[in-house]
Amino acid sequence: MVRLLFVVPYPELEETVKCVVENHPEKDRLSITIIVCSARDVSSISVSGYDAVIARGYSASVLQSVYPQLPVIVLTISGYDIIRTIAQCQEVFHPKKIAICGFYDKLYEAKNVCRLFGCDTEIYSTVNHEDLDQVIVDAMSKGCDAMIGGNSANMYARKYGINFCLIRTGEDTILMALNEALRTADKIRQERLQAETYKTIIYSSKDGILFVDPDGTIQVRNRVVRYMNGGTALFHRPLQDTFPFLYDVFQEALSKGKEINGKIYTIPTTKLIVSAAFTPVIVKNVISGIVITLSDITQIQKLESQIRRSLSEKGLRTRYHFEDIIHKSEIIDSTIDMARKFARSESNIILVGETGTGKELFAQSIHNASARKNGPFVAINCAALPESLLESELFGYVEGTFTGSLKGGKSGLFEQAHGGTLFLDEVGEISMATQAKLLRALQEREVRRIGDNKVISVNVRIIAATNKNLTQLTEEGKFRRDLMYRLDVLRLFLPPLRQREGDSEILFLHFLKQYSLENGLPCPSVNIEALSLLRDYNFTGNIRELRNIIERVCALYSGQRIGKEDILQALYLRNLEEVSSEKSSISRRPPQDEKQAVLWALEECGGNQTQAARLLGIDRSTLWRKLKKYREQEG
């Protein structure tokens with residue numbers, strides 16, 4: 001049902017409207033209300049619930065200004081209506097000069113019509129009905145002795161006693177206005193239906209939706225995107241202020257006029273991870289704005305993280321926490337304290353230390369103490385892969401990039417580490433070409449798979465490790481200085497085992513027990529004096545070397561207790577190069593007693609302390625301290 005309101009200026013017009021409506025072919029879907037009202041009272045009419053209003057002259061003008069959102073259909077005056085009224089005026093009043101006034105666009109046609117009747121005219125087109133008083137005064141002063149116009153003009157004409165004929169609206173005009181009102185009401189209903197449909201879609205969507213005009217102002221937003229941004233107001237605000245990280249891609253989509261997908265961001269306010277799509281709205285080849293869709297993938301990534309953490313592949317799960325770092329030395333206490341502080345930051349970290357100092361142990365512990373602990377931890381040894389393979393591992397590739405590539409391509413470690421930590425061990429071994437690509441990934445926070453033409457946004461924290469001096473490598477032109485500054489934001493030095501006072505003994509016992517369990521062997525007891533031999537050992541291979549020593553001890557000892565002789569034998573094994581370079585006079589095995597072993601080494605090396613220390617597998621300062629101790633004991 002279409003509800004229409006007719007506002008008519010005189011009672012006779014009401015009857016004409018009723019007649020037209022009664023004979024209209026769509027009368028069954030019409031609900032018509034007719035109000036007879038003058039222009040001065042029309043503003044008090046309630047138009048609530050109507051689909052459109054039909055009025056004429058000043059009444060239509062007032063309604064349009066008072067109710068700008070309501071469609072007002074104007075009952076226009078036809079040329080025939082004017083001719084009929086002029087003919088009536090001449091027949092009744094025989095005027096010398098007719099004043100024609102009102103709010104009608106057909107008035108100027110009336111001047112030519114009056115000439116056909118041999119009558120002089122004055123035309124007065126007014127804007128407000130309040131002006132009619134002065135209009136009549138002016139018309140009479142110019143010799144007008146009759147007037148034609150609307151109902152408002154009639155009231156003023158009676159005031160001054162001037163002859164007047166009312167311009168009446170014919171049935172054809174009413175029919176045209178009625179049909180126009182029906183078309184307008186149907187069109188508005190359809191537009192409202194579409195608008196409500198789009199509104200329902202937008203507001204029922206589980207994704208965040210923005211429409212941003214070409215000036216960068218948000219014109220449409222739903223509750224989801226407001227929630228994503230922490231509940232801040234978004235309507236009519238600049239995108240650059242509310243979502244600054246979206247602005248560059250918004251501008252790109254606006255300039256290119258093409259959809260951009262696959263962008264991944266972390267919203268700073270709520271820490272939600274979203275996938276963003278930018279879709280231009282194009283009307284007649286003109287871009288009217290960009291629709292930005294934000295899909296919350298936090299839960300998806302949590303599920304992905306759980307899947308990754310359940311995999312047994314190295315690098316996709318973590319096992320170690322700071323509590324797992326076996327030690328009693330103060331230097332490791334302070335190192336862990338600093339590492340815990342670094343874990344609270346989002347900055348990249350570089351771990352510097354000799355081989356075997358536990359860099360991955362610290363990397364995993366930092367990850368597990370950080371805000372990214374529920375994200376993936378992905379590790380790669382950069383020295384273990386050739387350049388071409390390292391690049392494809394880091395950045396991935398698309399299907400068909402090279403022979404043997406996987407169907408569907410492969411995601412790189414940057415993608416796999418999204419939302420978590422990427423551990424780059426032996427980062428100093430990366431080639432200059434791969435360094436350039438790594439630098440771009442860190443700067444832009446996006447990667448491009450090999451063979452692909454689109455980029456993928458990633459949110460990854462880098463923990464790098466090296467046993468080399470990166471500053472020296474940059475000076476030698478072997479490492480990019482700009483990449484070094486990207487990686488070397490927070491630096492953590494891992495001390496060698498020889499500087500960790502007391503740690504070698506407790507680590508020996510820990511790994512001995514672990515080795516025995518792994519091999520199904522009973523764990524032997526260890527002589528306390530035997531453990532003291534570990535304190536002065538150089539451990540050039542650090543903890544990795546200590547593990548090897550334990551395996552040698554377990555292979556060589558006899559009985560149920562590891563003694564001093566067993567550890568000495570495992571500590572001072574010499575490699576083939578040392579054996580071949582020794583004097584041919586060396587034929588005896590070293591004594592099992594520590595003092596005798598030192599004296600034996602000095603004798604074999606002709607008193608040369610440097611060679612003797614090398615033969616024993618200790619540094620020269622340690623040998624010197626032992627000799628000093630022996631001299632003091634001898635008094």
Side-chain angles (χ1 to χ4, degrees), residues 314-315 318 320 322 325 331-332 334-336 338-343 345-367 369-370 372 377-391 393-395 412-414 417 420-443 460-500 538-547:
K314 176 177 172 60
T318 55
Y320 301 115
F322 286 120
I325 300 175
I331 192 171
I332 291 297
S334 61
T335 304
I336 291 175
M338 183 172 289
R340 286 185 186 276
K341 293 176 182 177
F342 286 178
S345 169
E346 280 289 296
S347 300
N348 293 336
I349 300 173
I350 190 162
L351 307 178
V352 180
E354 296 178 4
T355 299
T357 50
K359 291 188 279 291
E360 183 161 355
L361 175 64
F362 268 88
Q364 290 192 21
S365 299
I366 290 170
H367 170 80
S370 73
R372 295 173 176 265
F377 177 89
V378 180
I380 184 171
N381 188 328
C382 300
L385 299 174
E387 178 183 347
S388 58
L389 185 55
L390 176 61
E391 183 181 346
E393 284 294 307
L394 286 174
F395 305 114
L413 298 185
F414 267 95
T421 303
L422 177 59
F423 176 52
L424 303 176
D425 198 6
E426 304 296 347
V427 72
E429 302 295 333
I430 298 179
S431 69
M432 294 295 284
T434 305
Q435 286 179 36
K437 295 179 180 179
L438 177 59
L439 175 64
R440 176 174 176 80
L442 297 181
Q443 288 176 332
V460 173
R461 185 193 197 182
I462 301 294
I463 300 180
T466 182
N467 59 5
K468 295 186 175 182
N469 187 329
L470 290 188
T471 302
Q472 182 178 341
L473 291 179
T474 59
E475 292 172 353
E476 295 172 357
K478 297 178 181 178
F479 202 87
R480 295 179 63 109
R481 191 175 298 274
D482 45 7
L483 177 58
M484 181 187 72
Y485 289 139
R486 283 280 177 181
L487 298 174
D488 192 8
V489 180
L490 302 175
R491 184 186 299 184
L492 186 68
F493 290 96
L494 303 186
L497 186 55
R498 59 183 173 274
Q499 294 179 8
R500 297 169 55 172
N538 194 35
F539 286 110
T540 55
N542 293 292
I543 297 172
R544 193 170 294 137
E545 184 182 5
L546 176 61
R547 284 177 175 271

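Along the sequence shown, the residues carry numbers beginning at 1. What you see below is based on every heavy atom in this structure, not just the backbone, and it leaves out hydrogens, waters and symmetry mates.
Side-chain atoms of Lys359 come within 3.5 Å of backbone atoms of Gly353 as a donor-acceptor pair (strictly under, hydrogens ignored). Side-chain atoms of Thr434 do not come within 3.5 Å of backbone N or O of Ser431 as any donor-acceptor pair. Put simply, the side chain of Arg461 gets close to the backbone of Ser345: a donor and an acceptor are under 3.5 Å apart. Using a distance-only test at 3.5 Å, with no hydrogens or angles considered, a donor-acceptor pair links the side chain of Glu545 to the main chain of Thr540. The backbone N or O of Arg544 lies less than 3.5 Å from no partner atom in the side chain of Asn542, so there is not a single donor-acceptor pair.
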Discussion item. Could you walk me through whether Arg500 and Ile543 satisfy the side chain to side chain contact (heavy atoms under 4.5 Å, CB included) test, starting with their C-alpha distance in whole Å, then the side-chain angles of each, then the deciding distance to 0.1 Å, before giving a yes or no?
Written reply: CA-CA 11 Å; Arg500 297 169 55 172; Ile543 297 172; 3.5 Å; yes
Fill in: Test side chain to side chain contact (heavy atoms under 4.5 Å, CB included) applied to Lys478 and Gln472, step by step
CA-CA 9 Å; Lys478 297 178 181 178; Gln472 182 178 341; over 6 Å; no
Item to complete: Using the side chain to side chain contact (heavy atoms under 4.5 Å, CB included) rule, take Leu351 and Glu360 through it: C-alpha gap first, then chi angles, then the decisive distance, then the call.
Response: CA-CA 9 Å; Leu351 307 178; Glu360 183 161 355; over 6 Å; no
Practice prompt. Please report the C-alpha distance between Ile462 and Phe414 in whole Å, then the side-chain angles of each, then the deciding distance to 0.1 Å, and finally whether the side chain to side chain contact (heavy atoms under 4.5 Å, CB included) criterion is met.
Written response: CA-CA 10 Å; Ile462 301 294; Phe414 267 95; 4.0 Å; yes
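More than 12 heavy atoms of other residues, nucleotides or ligands shown are found within 6.0 angstrom of CE on Met432.
In plain terms, the two heavy atoms of Gln435 and Ile430 that are nearest each other are NE2-O, 2.8 Å. Summarising the geometry of Gly428 relative to Thr466, their closest heavy-atom pair is N-OG1, 4.2 Å, with the distance given to 0.1 Å. Residue Gln443 comes nearest to Arg486 through the heavy atom pair CG-NH2, 3.4 Å, listed as atom of the first residue, atom of the second, then distance. Here the closest non-hydrogen pair linking Phe423 and Ala464 is CE1-C, 4.4 Å. Closest approach of Ala363 and Ile463 over heavy atoms only: O-CD1, 3.8 Å. Of all heavy-atom pairs spanning Pro496 and Thr357, the tightest one is CA-CG2, 4.0 Å.
Checking Asn467 against Thr355 by side-chain atom types alone, a donor-acceptor pair falls below 3.5 Å.
In this structure, the side chains of Asn348 and Ile350 stay at 4.5 Å or more apart for every pair of heavy atoms. Side-chain contact between Lys468 and Glu426 is absent, with no heavy-atom pair separated by less than 4.5 Å.
Taking CD1 from Ile336 and CD1 from Ile325, the interatomic distance works out to 4.0 Å, rounded to the nearest 0.5 Å.
Under the side-chain contact (heavy atoms from CB on, under 4.5 Å) criterion, Ala436 pairs with Arg480, not counting sequence neighbours. For Phe362, there are no ring-ring contact (aromatic ring centres under 6.0 Å, His included) partners, not counting sequence neighbours.
Here the options are Leu422, Val378, Thr421, the test is side-chain contact (heavy atoms from CB on, under 4.5 Å), and the partner is His367; only Thr421 passes.
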